[in-house]
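Have a look at the structure below, then the notes.
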Amino acid sequence: MFSVTITGQVALVTGAGRGIGKAIARGLVEAGAVVAVNDIDATSAQRTAAELGGAAQAYPADVSDPGAVQAMIDQIAADLGGPHILVNNAGIEYKTPVLETPVAEWQRTLDVNLSAAFYTSQAAGERMRAAGGGVIVNIASIAGHNIPLPNRASYVASKAGLIGFTKECAREFAAYGIRVNAVCPGVIETEMTAESRSNSAQLEKWLADIPQGRLGTPADVVGLVLFLCSDGARYLTGQAINVDGGKVML
Ligand code: NAP
């Protein structure tokens, strides 16, 4: 297991009630950080925080609500300090053809997968600037690079937007000592992909495209996130890095 030390840092991980976010929250706690566990579902946020022990605390909120985000980050700062690290992980995905996508579905995807990162980066970025530095990691997707997925236009657009937003923030925030990068997972075994993975034709197609010959697990994403949060990545900003078993080689 890859290991880094991130002590004395307060990290906010959004959508950490389950899946990739939960694995990242666990990795950060194991690396020595204090972790604010966010999720829209209060029960799952509290369950994750309880599993991770005293270094984790639950902060349930809908990150697509800018007022709720500001209140959450103010509360984290008051309770724990920081945040010094922000991991924008919360995400949703609809599988609908463009011509049948309701406006509300398109809007909700952009709100959660893209606008939420703007709200959190603004609120946490202000505090990081005042503190003289920080780290932001945005969990995008290989879908945001150059891999359009059938029937997922709102998702692909949101993740491409998130990669663009990452680069823009990296450029602006460098002057404040804040590094901003994106992590782009391939197909990871979580609830988000459960339905597609249960389709054997789809699964076979995915596996045929992955040189390492297997899907990823949430734990496979953690090492890269920890590295990006660590001092070892001090000269690394504005990048969107795939973690996908070699599926996409740019
Ligand atoms: P997941 O299992 O569906 O977990 C996502 C978590 O985010 C859920 O706990 C969900 O809560 C929470 N969430 C949703 N909307 C939220 C909101 N408005 N505010 C706060 N929390 C919210 O998904 P995952 O597979 O772990 O995905 C995590 C991230 O990785 C997402 O950004 C996803 O796009 C990205 N990603 C995943 C894959 C993959 O193959 N799994 C690949 C590439 C990128 P509820 O369920 O209660 O709504």
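Remember, it's 1-based here, ligands and their atoms both numbered in the order they're listed. Side-chain atoms are counted along with the backbone in the values below, which use heavy atoms only and exclude waters and symmetry mates. Here the structure is a predicted model, which is why all the values come from computation and not from measurement.
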(message) Does any part of the side chain of Tyr155, heavy atoms only, come nearer than 4.5 Å to the side chain of Lys95, both counted from C-beta?
(response) no

(message) Check contact between Ala116 and ligand 1, using heavy atoms of the residue and a distance below 4.0 angstrom.
(response) no

(request) If you have a sec, work out which protein heavy atom is nearest atom 38 (C) of ligand 1 and how many Å separate them, to one decimal? (result) Gly186 O, 3.9 Å

(message) Taking 4.0 Å as the limit for heavy-atom contacts, which would you say applies to Ile142 with ligand 1: side chain only, backbone only, both, or neither?
(response) neither

(request) Give the residue, atom name and distance (to 0.1 Å) of the protein heavy atom nearest atom 24 (P) of ligand 1. (result) Thr190 OG1, 3.6 Å

(message) Give me the residue, atom name and distance of the protein heavy atom closest to atom 2 (O) of ligand 1.
(response) Arg18 NE, 3.0 Å

(request) Enumerate the atoms of ligand 1 whose separation from the nearest heavy atom of Gly19 is less than 4.0 angstrom. (result) 26 (O)

(message) Please list, in number order, the atoms of ligand 1 under 4.0 Å from a heavy atom of Ser141.
(response) 43 (C), 44 (C)

(message) Once rounded to the nearest 0.5 Å, what's the spacing between atom CE of Met128 and atom OG of Ser121?
(response) 8.0 Å

(request) Tell me which one of Ile20, Thr14, Thr217 gets a heavy atom nearest to atom 27 (O) of ligand 1. (result) Ile20

(message) Does this structure show an ion pair linking Asp62 with Arg108, if we count only N-O contacts that are shorter than 4.0 Å?
(response) yes

(request) Report the nearest protein non-hydrogen atom to atom 13 (N) of ligand 1: residue, atom name, distance rounded to 0.1 Å. (result) Ile40 CG2, 4.0 Å

(request) Output the list of atoms in ligand 1 that are nearer than 4.0 Å to some heavy atom of Ile139, sorted by atom number. (result) 29 (C), 30 (O), 32 (O), 35 (C)

(message) Suppose we measure from atom 18 (N) of ligand 1 to each protein heavy atom; which comes out shortest, and what is that distance?
(response) Asp62 OD1, 2.8 Å

(message) Side-chain heavy atoms nearer than 4.5 Å, only ILVMFWY residues, links allowed to pass through others: does that put Val37 and Ile76 together?
(response) no

(request) Decide, yes or no, whether a salt bridge links Glu126 with Arg129 under the criterion of side-chain N to carboxylate O below 4.0 Å. (result) yes

(request) Run the salt-bridge test on Arg127 and Asp74 with the 4.0 Å N-O cut-off and return the result as yes or no. (result) yes

(message) I need the nearest protein heavy-atom contact for atom 9 (O) of ligand 1: residue, atom name and distance, please.
(response) Asp39 OD2, 2.6 Å

(request) Tell me, please: is Arg197 in heavy-atom contact with ligand 1, that is, under 4.0 Å? (result) no

(request) Using the test side chain to side chain donor-acceptor pair (under 3.5 Å), find all partners of Asn138 that sit at least two apart in sequence or belong to another chain. (result) Asn88, Thr166

(message) If you count every heavy atom of other residues, nucleotides or ligands that lies below 6.0 Å from Glu51 atom CD, does the total exceed 12?
(response) yes

(request) Check ligand 1 against Val112 and write out every atom of the ligand that is under 4.0 Å from a heavy-atom position of the residue. (result) 15 (N), 18 (N)

(message) Quick check on the hydrophobic clustering: are Val225 and Ile188 connected, directly or via other members, by side-chain heavy-atom contacts under 4.5 Å?
(response) yes

(request) Run down the list Ala16, Ala143, Ala140 and name the one with the heavy atom closest to atom 35 (C) of ligand 1. (result) Ala140

(request) Starting from atom 43 (C) of ligand 1, find the nearest protein heavy-atom neighbour and note its residue, name and distance. (result) Pro185 O, 3.4 Å

(request) Starting at CD1 of Ile142, measure out to SG of Cys184 and round the result to the nearest 0.5 Å. (result) 8.5 Å

(message) Which of the numbered atoms in ligand 1 are under 4.0 angstrom from any heavy atom belonging to Thr193?
(response) 39 (C), 40 (O), 41 (N)

(request) Within a distance under 4.0 Å of any heavy atom of Lys159, pick out the atoms of ligand 1 and give their elements. (result) 31 (C), 32 (O), 33 (C), 34 (O)

(message) Give the atom numbers and elements of ligand 1 that come within less than 4.0 Å of a heavy atom of Asp41.
(response) 47 (O)

(request) Take Arg18 and Glu191 through the test salt bridge (charged side-chain N to carboxylate O under 4.0 Å, His left out) and record every step on the way to the result. (result) CA-CA 9 Å; Arg18 68 175 195 222; Glu191 283 194 38; 3.3 Å; yes

(request) Taking only Lys NZ, Arg NE, NH1 and NH2, and the carboxylate oxygens of Asp or Glu, determine whether Asp220 and Arg214 approach each other closer than 4.0 Å. (result) yes

(request) Within a distance under 4.0 Å of any heavy atom of Ala61, pick out the atoms of ligand 1 and give their elements. (result) 19 (N), 20 (C)

(request) Could you find the nearest protein heavy atom to atom 28 (C) of ligand 1 and give me its residue, atom name and distance? (result) Asn89 OD1, 3.2 Å

(message) Under a 4.0 Å threshold between the charged nitrogen and the carboxylate oxygen, would Arg152 count as salt-bridged to Glu93?
(response) yes

(request) Examine Ile188 against ligand 1 and note whether any of their N/O atoms are separated by less than 3.5 Å. (result) yes

(message) Are the side chains of Asp79 and Tyr59 in contact, using a 4.5 Å heavy-atom criterion?
(response) yes

(request) Classify the contact between Met72 and ligand 1 as side chain, backbone, both or neither, using a heavy-atom distance cut-off of under 4.0 Å. (result) neither

